[in-house]
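Just so it is clear, the model here is predicted, and its values are computed rather than measured. Each chain gets a letter, A, B and so on, in the order its sequence line appears, and its residues count up from 1.
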Amino acid sequence: MPRLGSHRRRLPEILRLLALAYPDAHCELDFQTPFELLVATVLSAQCTDRRVNMVTSRLFPRLTGPKSLVEMGVDRLAEEIRDVGLFRAKARALVSLSEDLIRLHGGQVPADRQALEALAGVGKKTASVVLANAFAIPALAVDTHVFRVSHRLGLASAKSPEKTAAELMEIVPPDDWISFHHQLIAHGRQVCHARSPACATCTLLPLCPDGRRRTASPAVR
DNA sequence: ATCCCGAGGG
DNA sequence: CCCTCTGGAT
């Protein structure tokens with residue numbers, strides 16, 4: 001069995017195969033404005049995008065901007081978003097977030113990482129999603145899928161999501177960050193599952209150190 | 001039981 | 001670093 005080269009040699013092929021397998025990978029959250037995406041992303045913690053979209057399809061028609069959420073208040077908002085789980089914490093975060101937007105940015109969502117991460121309830125992950133999908137600014141959010149899949153592919157070795165993001169941004173061209181992010185998530189959801197990855201059907205198997213380990217015949221070890 | 005594109009607080 | 005917040009799907 002031939003050895004796998006360094007990631008620098010494998011990366012272009014990995015990017016090519018991912019683009020081939022997931023040509024339409026994109027943000028699965030429904031939104032019309034940066035503010036709607038920000039709200040949807042906060043709601044998406046520990047919850048499927050499908051469920052977030054069910055909740056926001058009821059919520060968004062009644063929102064004009066952050067002012068609407070402040071006026072709605074934590075308790076009423078919590079009832080509206082109950083189905084996404086963590087609803088009290090998320091309602092509190094969304095109202096504080098809306099107050100921050102009004103106070104600091106005239107109710108507009110800033111297209112700037114530092115400003116985004118300074119908002120209540122917005123961390124690196126949420127900031128990256130908003131930058132990439134609302135403003136088309138290259139960002140590489142490392143969520144649970146990106147972390148797991150990039151490690152299995154041997155593209156990253158850091159133990160924290162932040163350091164993993166740094167490793168990936170070092171080797172992936174900025175123009176590919178957004179699509180790479182969506183493709184790794186699609187792959188993580190559909191094939192490279194946390195528990196038992198479907199290596200047998202994975203088109204990346206020849207390029208994946210972990211997959212080859214998993215599928216190697218026991219006789220040779 | 002375990003998982004879902006997290007963030008804040010201790 | 002660990003815990004908590006939370007409900008629905010599988």
Enumerate the residue pairs fulfilling side-chain hydrogen bond (donor to acceptor under 3.5 Å, both in side chains) with a member in [range], sequence neighbours excluded, ordered by first and then second residue.
range                       : answer
residues 154-167 of chain A : A:Ser157-A:Glu167
residues 101-118 of chain A : A:Asp100-A:Arg103, A:Arg113-A:Glu117, A:Arg113-A:Ser128
residues 33-52 of chain A   : A:Asp49-A:Arg189

For A:Val122, answer base if it contacts any base atom (sugar-phosphate contacts may also be present), sugar-phosphate if it contacts only those atoms, and nothing otherwise; contact means non-hydrogen atoms under 4.0 Å.
->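 Sugar-phosphate, backbone atoms only, no base.
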query: With a 4.0 Å cut-off on heavy atoms, is A:Thr41 in touch with a base, just the backbone sugar-phosphate, or nothing at all?
result: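 Answer is nothing: A:Thr41 stays at 4.0 Å or more from every strand.
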Taking only distance into account, with no hydrogens and no angle test, what donor-acceptor pairs under 3.5 Å do side-chain atoms of residues 73-81 of chain A form with protein atoms, sequence neighbours excluded?
from	atom 1	to	atom 2	distance (Å)
A:Glu79	OE2	A:Arg82	NH2	3.4
A:Glu80	OE1	A:Arg62	NH2	2.9
A:Glu80	OE2	A:Arg62	NH2	2.7

Next item on the list: Go through A:Arg58 and A:Val55 one step at a time and tell me if the side-chain contact (heavy atoms from CB on, under 4.5 Å) criterion holds.
Entry: CA-CA 6 Å; A:Arg58 284 183 266 127; A:Val55 166; 3.9 Å; yes
query = Could you walk me through whether A:Asp143 and A:Arg148 pass the salt bridge (Lys or Arg N to Asp or Glu O under 4.0 Å) check?
reply = CA-CA 9 Å; A:Asp143 55 49; A:Arg148 181 179 71 251; over 6 Å; no
Next on the checklist: Hydrophobic clusters here meaning ILVMFWY residues chained together by side-chain heavy-atom distances under 4.5 Å, can you tell me if A:Ile178 and A:Leu15 are in one?
Outcome noted: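 In one cluster with A:Ile178: A:Leu15, no.
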Verify same cluster id: A:Leu86, A:Leu29 (apolar side-chain graph, 4.5 Å):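 Each belongs to a different hydrophobic cluster.
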Worksheet item: Does the side chain of A:Glu71 reach to within under 4.5 Å of the side chain of A:Lys67, using non-hydrogen atoms?
Response: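 Answer yes - side chains close enough.
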Using the [atom1] atoms only, state how far [M] lies from [N], rounded to an integer number of Å.
N     : M     : atom1 : result
C:dG8 : B:dA7 : P     : 23 Å
B:dC4 : C:dT6 : C1'   : 12 Å
B:dC5 : C:dC1 : C1'   : 22 Å

- Message: Under a 4.0 Å threshold between the charged nitrogen and the carboxylate oxygen, would A:Arg10 count as salt-bridged to A:Glu13?
- Response: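 Between A:Arg10 and A:Glu13 there is no salt bridge, as every charged N stays at least 4.0 Å from the carboxylate O atoms.
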- Residues of residues 157-172 of chain A with any non-hydrogen atom less than 4.0 angstrom from an atom of DNA chain C: list those, numerically ordered, please.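 Those residues whose heavy atoms fall under 4.0 Å from DNA chain C, taken from residues 157-172 of chain A, amount to none.
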Notebook entry, point to check: Between which nucleotides of DNA chain B, 5' to 3', does chain A make heavy-atom contacts below 4.0 Å?
Noted result: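 Going 5' to 3' along DNA chain B, contacts run B:dT2 to B:dG8.
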Nearest heavy-atom neighbours spanning A:Gly188 and A:Val149: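 The answer is CA-CG2, 3.8 Å.
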Between A:Gly121 and A:Asp49, who's closer to the 5' end of DNA chain B by nearest nucleotide?
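The 5'-side residue here is A:Asp49.
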For this session: By nearest nucleotide on DNA chain B, pick out whichever of A:Cys47 and A:Gly123 is the more 5' one.
Result: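 With A:Cys47 and A:Gly123 compared, the 5'-side residue is A:Cys47.
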What is the 5' to 3' range of DNA chain C, first to last nucleotide, that sits under 4.0 Å from any heavy atom of chain A?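 Listed 5' to 3', the contact boundaries are C:dC5 to C:dA9.
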A:Asp30 backbone acceptor or donor facing A:Asn53 side chain under 3.5 Å: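 Indeed, once roles are kept as given, a pair shorter than 3.5 Å links the two residues.
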- Message: Short of 4.0 Å, heavy atom to strand atom, which residues of residues 83-102 of chain A count as contacting DNA chain B?
- Response: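 Per residue number, the list reads A:Leu86.
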In residues 173-185 of chain A, what residues come within less than 4.0 Å of DNA chain B, judged by heavy atoms?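 Of all residues in residues 173-185 of chain A, the ones placing a heavy atom under 4.0 Å from DNA chain B are A:His181, A:His182, A:Ile185.
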- State which residues pass side-chain contact (heavy atoms from CB on, under 4.5 Å) with A:Ala198; sequence neighbours excluded, sorted by chain then number.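 If we apply the side-chain contact (heavy atoms from CB on, under 4.5 Å) test to A:Ala198, skipping adjacent residues, the hits are A:Val191, A:Thr201.
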Taking distance alone, no hydrogens or angles, what donor-acceptor pairs closer than 3.5 Å link side-chain atoms of residues 130-142 of chain A to residues at least two apart or in another chain?
from	atom 1	to	atom 2	distance (Å)
A:Asn133	OD1	A:His182	NE2	3.2
A:Asn133	ND2	A:Val129	O	2.9

Check: Which residue pairs pass the ring pair (Phe, Tyr, Trp, His ring centres under 6.0 Å) test with at least one member in residues 150-172 of chain A, sequence neighbours excluded?
Finding: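 Applying ring pair (Phe, Tyr, Trp, His ring centres under 6.0 Å) to every pair that reaches into residues 150-172 of chain A, excluding sequence neighbours, yields A:Phe147-A:His151.
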